[in-house]
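Worksheet: one structure, shown below.
In what follows, every heavy atom counts, from backbone to side chain, and hydrogens, waters and symmetry copies are set aside. These numbers come from a predicted model, not from an experiment. Nothing fancy with the numbering, it's 1 onward along the sequence.
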Amino acid sequence: MRSAVHRLHDSLGLRTGTTIFTASAVVIAAFVITTILFTTQVDAFFAGLTGWLLENLGWFYVLGVTVFLAFLVYMAASRFGRVRLGPDDEGPEHSGLSWFGMLFAAGIGTILMFWGVAEPINHLANPPMQDVEAGSAAAFEQAMAFTLYHFGLHTWTIFTLPALCFAYFMYKRNLPPRVSSIFHPLLGDRIHGPLGAVIDVTAIVGTMFGVAVSVGLGTLQINSGLASLFGIEESRLVQILIIGAVTAIAVISVGVGLDRGIKRLSNFNIVVAVGLLCFVVVTGPTLFLLQGTIESVGTYLAWLPELAFWNDTIAGSGWQNSWTVFYWAWTISWSPFVGIFIARISRGRSIRQFVIGVLAVPVSFSVIWFGVFGWGSYDIERQDPGALTGPVVDDGDIPGALFVFLENYPLSTVMSVIAIMLVIVFFTTSVDSAALVMDTIANGHEDPAPTRQRVFWALCVALVAGTLLGATGAGGLEALQQVIIVVGLPFFVMGYVMIYSLLRALKEDAGERQPLRTKRWRKVLPPQEAARREEEEREQEQAQAGRRGPLLSKTDSAPRDVPTGSEKES
């Protein structure tokens, strides 16, 4: 007998995994309600737990990302680099330019806009290692090294590892697009049972919280820009209205689909972002910015080995816990969302192409972006001490850092409007992409599903971010950030499991002779979806037989084309 939950699910016209969908929605709703009603208690509980983790396991977060990066380098250089993420004779689905543009749709674009000026200036005023004079040339060198460390190879490593695993198990083994599929070499067909559901619900909830923080930061930045340009107050009401307006745009994008929605918005935004970058170079101290950006590459490469293992052991200032550890925990909490999204747009590429592309291209752009805006900020501060550190660091207006920066350039009002537009579109594609991926995880397949499901997830993202900003203010966001530190821990453990599972699967599937060939796996659907499709087929056959008459009313079902287990083709 079907449960009330299943009947409600079907009455709403949904086509998704009932258990995963319902459990995720309940957990998210319970967390939001609890945070609103008991903000102080939630904050105190997670503050204590987060404090313990940061004091005792901060090193585990730092070491984990470096280990993941070393593994990806090995994968690209090894013989497995030739394995194609899909059928052996299939080429890439998207062009290089569109692929690059959609990588930024995953949310990193909003981060670049928010921190491009704010982070270098913060580190210039407060040197991370506390061994140089604040505001000095040495402090700025250290500031750029840490900024690129935070937004370079290590950040994209956190996205690339799960993305590679998803792409392999989705398009080589043809397993459902779920986090649990990565555990197939360990769990077998149990990924379709309760244990797999727990893994997938955890991934959806972590994604929701991680994206909510990004949406919250983007909202604060848009509000700050509007206040700077038009005098609109920075308030909870305005922030709620901003979230509502941007979510409405995201819902429209959700409705038109991946190719017409996210893809077109991403291509448009990357062009505009490059235009803003070029404007700063041309109208600013061009030679100084070019020289400084090139110098930053050397600084980053020279400092990278030390920073990859630096744990603030001697000073013990707690700086790294506030910055690096939080970044890694926050980033990895929504890495399943980014990972599945990158996997979906990367079908047909080889592992080597995938790793080099996802690491090298976005990282190169990040180095250029932070180089230009970082050195531009340093030039302003050098000529007029306090021009940026005063409002951004002393007054704490981090969301307004970009707009304070643009006030020192020609056409500041026009460029600030363009910057706000960029943040809005990056914001939109982040919500759109998150909705698409969370719906995919809940469904367990990539076939067309009712648009209302993706709209539901988009509205959930807006609801979580809006509730925390509007109902609890900064306390809510701080509580959520503390939760993310805790949520990040199991995801780091999961990263090591991903490494083991991928290596085991590659060794099981790959031959030793040249050229490298792999086994062929039959397409797998979650059992619930397979049963639903069988039932629909039987109903269609019965209806057709009824129209043909009683002599042709044979209703024997045809053999299934899609197995519910993880069966290999003979």
Side-chain angles (χ1 to χ4, degrees), residues 104 108-109 111-129 132-155 221 270 272-304 306-307 323 327 361-394 397-412 415-416 418-419 422:
F104 284 84
I108 192 68
I111 295 174
L112 295 182
M113 295 294 293
F114 190 90
W115 292 110
V117 174
E119 175 140 352
I121 284 299
N122 267 277
H123 299 340
L124 175 66
N126 300 293
M129 291 185 171
V132 295
E133 181 183 354
S136 64
F140 181 69
E141 179 184 5
Q142 191 174 125
M144 288 304 298
F146 271 90
T147 298
L148 295 177
Y149 167 52
H150 286 157
F151 297 101
L153 288 170
H154 280 69
T155 284
Q221 188 174 29
I270 197 64
V272 177
V274 170
L276 177 61
L277 188 73
C278 293
F279 171 82
V280 172
V281 172
V282 171
T283 60
T286 306
L287 183 59
F288 182 76
L289 296 182
L290 294 176
Q291 289 176 328
T293 300
I294 294 173
E295 189 172 315
S296 294
V297 176
T299 300
Y300 175 48
L301 295 177
W303 282 66
L304 185 59
E306 179 181 1
L307 297 184
W323 288 88
Y327 273 152
V361 177
V363 169
S364 298
F365 187 84
S366 296
V367 169
I368 295 172
W369 183 273
F370 282 101
V372 169
F373 283 93
W375 281 90
S377 301
Y378 180 57
D379 179 67
I380 294 171
E381 191 67 20
R382 183 180 61 165
Q383 296 185 33
D384 184 12
L388 287 176
T389 56
V392 176
V393 182
D394 298 339
D397 187 16
I398 292 179
L402 177 60
F403 306 107
V404 177
F405 172 87
L406 290 174
E407 289 175 0
N408 295 272
Y409 282 77
L411 304 173
S412 60
M415 300 314 297
S416 294
I418 292 175
L422 276 170

(request) Test Phe140 against Glu381 for side-chain contact (heavy atoms from CB on, under 4.5 Å), laying out the working first. (result) CA-CA 11 Å; Phe140 181 69; Glu381 191 67 20; over 6 Å; no
(request) For Gln221 and Met113, indicate whether the former's side chain and the latter's backbone hold a donor-acceptor pair under 3.5 Å. (result) yes
(request) Keeping the roles fixed (side chain from Thr155, backbone from Gly152), state whether a donor-acceptor pair exists under 3.5 Å. (result) no
Can you check whether [X] reaches [Y] side chain to side chain, under 4.5 Å on heavy atoms?
{"X": "Leu112", "Y": "Phe370", "result": "yes"}
{"X": "Val280", "Y": "Tyr409", "result": "yes"}
{"X": "Leu307", "Y": "Met129", "result": "yes"}
{"X": "Leu148", "Y": "Ser366", "result": "no"}
{"X": "Thr147", "Y": "Tyr300", "result": "no"}

Which atom pair, heavy atoms only, marks the closest approach of [X] to [Y]?
{"X": "Leu277", "Y": "Val372", "value": "CD1-CB, 3.8 Å"}
{"X": "Pro391", "Y": "Gly386", "value": "CD-O, 3.6 Å"}
{"X": "Glu119", "Y": "Phe151", "value": "OE1-CE1, 3.1 Å"}
{"X": "Ile380", "Y": "Ala387", "value": "CG2-CB, 3.9 Å"}
{"X": "Ala273", "Y": "Leu422", "value": "N-CD2, 3.7 Å"}
{"X": "Ala143", "Y": "Pro120", "value": "CB-O, 3.6 Å"}

For the atom pair [atom1] ([X]) and [atom2] ([Y]), what is the distance rounded to the nearest 0.5 Å?
{"X": "Asn122", "Y": "Ile398", "atom1": "CG", "atom2": "CD1", "value": "4.5 Å"}
{"X": "Thr286", "Y": "Gln291", "atom1": "OG1", "atom2": "CD", "value": "11.0 Å"}
{"X": "Ser296", "Y": "Glu141", "atom1": "OG", "atom2": "CD", "value": "9.0 Å"}
{"X": "Ser377", "Y": "Leu124", "atom1": "OG", "atom2": "CG", "value": "9.0 Å"}
{"X": "Thr299", "Y": "Met144", "atom1": "OG1", "atom2": "CE", "value": "8.0 Å"}
{"X": "Leu406", "Y": "Ser412", "atom1": "CG", "atom2": "OG", "value": "7.5 Å"}

Is the centre of the [X] ring less than 6.0 Å from the centre of the [Y] ring?
{"X": "Trp115", "Y": "His150", "answer": "no"}
{"X": "Trp303", "Y": "Tyr149", "answer": "no"}
{"X": "Trp375", "Y": "Trp369", "answer": "no"}

(request) Would you sort out whether Val392 and Val117 count as a side-chain contact (heavy atoms from CB on, under 4.5 Å), showing the intermediate values? (result) CA-CA 9 Å; Val392 176; Val117 174; 5.5 Å; no
(request) Please assess Tyr327 against His154 for the test side-chain contact (heavy atoms from CB on, under 4.5 Å), listing each intermediate value before the final yes or no. (result) CA-CA 10 Å; Tyr327 273 152; His154 280 69; over 6 Å; no
(request) Determine, stepwise, if the pair Phe373 / Leu276 fulfils side-chain contact (heavy atoms from CB on, under 4.5 Å). (result) CA-CA 11 Å; Phe373 283 93; Leu276 177 61; 4.3 Å; yes
(request) Go through the side-chain N and O atoms of Gln383 and Tyr378 and say whether any donor and acceptor fall under 3.5 Å apart. (result) no
